[in-house]
Amino acid sequence: MPDVPGRVRRSAIIAGVLLFLVLGLPACAGRQAGAEPAPGASGVAPPPETAYRGESIPAYDVVLTIGTDGVLYVRETITYDFDRAGEHGIVRHVPFRRGDRLYEVRGVSSSSSTGAPARVRTTRFLHDVQISIGDRHREVRGRQAYVIEYEVRRVFTPRADHDDLLWDAIGTNWDVPIGNAAVRVQAPVPLRHATCRAGAPGVTTRCLRDRDGPYAIDFVQNALAPHEGMRIRVRLPKHAIAVPPPRYVPPRWTGHWTGTAVLALGLAAVPLLARRPAPPRGTGAGLAAAGTLLVVADAGDDVAASGPWAFSLGDRCLAGLALMIVGAGIMCVRRTRSARYAADDRPGGLQLAGRDVN
């Protein structure tokens, strides 16, 4: 006879794991984004041995051009040494969400002066735009040069008497060391207040200033270890450029104790279904459908108000998840009990279970 409670417990465990992936990963991503959410190249999830194969970035040059229209124009020239290992290209992450602040990353293009495949593909994740450069069907080796160009809108923060720019020009999730890094900041007005800090999040040092001019400043830094970057801060006079108002979105988790309590009750109800008569299968399907509608409605409001990828987990979404879990549990219990009854009604089924095969 099938072990119905055991099957239900396994289903509850699977549902719990899926729920953790849905709720836990955005929260973890949000915490990382609040610290330093601009990962760099060498892939989203490179193999652990990447840093030990001799790969490195001998030179990383960035030009940040501040436009009078309030747009930050970025040009990155990356010299990447793949050593003797073959790779399909590089991946650069550019943040479009930092905490509750939302940026706009547009106009992404790429090229290579060394003839490496430079096809660009962009993918949006929870907080970053992943820029993949290369060819999935062709590997490259040795030293290659890539140029990435893109623009970032709504990146300036208006203050009472000035406008601020805070931007991580390199990112802090590179898995390989960077030999020589240089960041040039260009503006349409004289740059009197521009600084740079290099290093890992929380442990930084002042960058070296190479050349200063009235409208451009160069910062350089040598021997950056993996996960070390260069953060640029610029303060412009008020009305020097047009600064669109920043866009803010709710945090990923906006639920209160009521929504959290409903979700906890839904999880606790799943193991109890195996010990009591299960409601009709249609009830489970109805609960799952109602939960799906709540989740879609909650996410739809966020997207309609602040654009794609701005959804958050509110009380309606948490309640919807609870209904979906309970509904799926009811349908699972009904299905397993139907399988048990079918096995019991099968001719000779019970006799085969107790027959001595010897």
Side-chain angles (χ1 to χ4, degrees), residues 25 29 32-33 35-47 50-51 55-65 67 71-82 86-98 101-140 143-155 165-178 181-184 224 226-232 247 307-310:
L25 290 182
Q32 294 174 355
E36 199 72 32
S42 184
V44 182
T50 298
E55 294 186 9
S56 65
I57 301 176
Y60 198 127
D61 297 320
V62 181
V63 177
L64 303 178
T65 302
V71 177
L72 181 65
Y73 298 91
V74 183
R75 178 185 175 93
E76 302 181 7
T77 303
I78 304 170
T79 303
Y80 199 100
D81 193 345
F82 293 100
E87 298 287 350
H88 296 280
I90 62 173
V91 176
R92 172 77 163 102
H93 277 200
V94 178
F96 72 90
R97 177 168 181 160
R98 180 176 288 142
R101 180 76 178 271
L102 205 64
Y103 307 136
E104 298 177 8
V105 180
R106 300 181 179 179
V108 181
S109 63
S110 65
S111 60
S112 174
S113 60
T114 56
R119 178 185 176 185
V120 61
R121 301 180 303 276
T122 59
T123 307
R124 284 182 176 266
F125 288 95
L126 289 176
H127 298 89
D128 304 319
V129 176
Q130 174 182 298
I131 304 174
S132 304
I133 303 174
D135 190 340
R136 299 174 181 175
H137 307 289
R138 177 182 170 188
E139 291 186 348
V140 292
R143 185 168 296 189
Q144 305 292 339
Y146 299 91
V147 176
I148 310 174
E149 295 183 85
Y150 55 92
E151 57 188 54
V152 187
R153 300 175 182 268
R154 300 183 185 273
V155 70
L165 168 66
L166 181 63
W167 188 251
D168 190 341
I170 292 180
T172 56
N173 280 356
W174 293 85
D175 298 303
V176 297
I178 301 174
V183 178
R184 181 179 180 86
L224 288 174
H227 306 289
E228 291 185 344
M230 297 175 66
R231 172 172 283 193
I232 305 297
R247 294 182 62 186
W309 298 94

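Hydrogens, waters and symmetry mates are skipped; everything else that's a heavy atom, side chains included, is used.
Of all non-hydrogen atoms in P177 and P226, the two that sit nearest each other are N-CG, 3.9 Å. Closest approach of A169 and L64 over heavy atoms only: CB-CD1, 4.3 Å. Here the closest heavy-atom approach between residue S112 and residue A116 is recorded as OG-N, 3.2 Å. Between R143 and T114, the shortest heavy-atom contact is O-CG2, 4.5 Å. Shortest non-hydrogen contact noted between A181 and I170 is CB-CD1, 3.6 Å. Across all non-hydrogen atoms, the minimal contact from R98 to L166 is NH1-O, 3.8 Å.
Proximity of a side-chain donor or acceptor of S110 to a complementary backbone N or O of A118 within less than 3.5 Å is detected. Remark: the backbone N or O of D81 is not paired with any side-chain donor or acceptor of S56 at under 3.5 angstrom.
Annotation: side chain of V94 is not in contact with side chain of Y103 (no heavy-atom distance under 4.5 Å). Using a 4.5 Å heavy-atom threshold, the side chains of Y60 and L224 count as separate.
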Would you tabulate the side-chain donor-acceptor contacts of residues 131-140 under 3.5 Å, counting partners in other chains and residues two or more places apart, or write 'none'?
| unit_1 | atom_1 | unit_2 | atom_2 | d |
| --- | --- | --- | --- | --- |
| S132 | OG | Q130 | NE2 | 3.1 |
| D135 | OD1 | H137 | N | 2.9 |
| E139 | OE1 | R141 | NH2 | 3.4 |

Show the numbers, then the answer: is there a side chain to side chain contact (heavy atoms under 4.5 Å, CB included) between R92 and W174? CA-CA 9 Å; R92 172 77 163 102; W174 293 85; 4.2 Å; yes
As a quick check of understanding, evaluate side chain to side chain contact (heavy atoms under 4.5 Å, CB included) for D175 and H227, giving each step before the final call. CA-CA 6 Å; D175 298 303; H227 306 289; 3.3 Å; yes
Test side chain to side chain contact (heavy atoms under 4.5 Å, CB included) on I90 and F82 and set out the steps. CA-CA 10 Å; I90 62 173; F82 293 100; 3.9 Å; yes
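If you check the side chains of E149 and Y73, you find no donor sitting under 3.5 Å from an acceptor. Side-chain contact, E76 with Y146: no donor N or O sits under 3.5 Å from an acceptor N or O.
Annotation: salt bridge (charged side-chain N to carboxylate O under 4.0 Å, His left out) contacts involving residues 104-123, sequence neighbours excluded, comprise E104-R106, E104-R154, E104-R247.
Annotation: the span from T172 atom OG1 to M230 atom CE amounts to 13.5 Å, rounded to 0.5 Å. Going from atom CD1 of I78 over to atom CD1 of I148 covers 4.0 Å, rounded to the nearest 0.5 Å.
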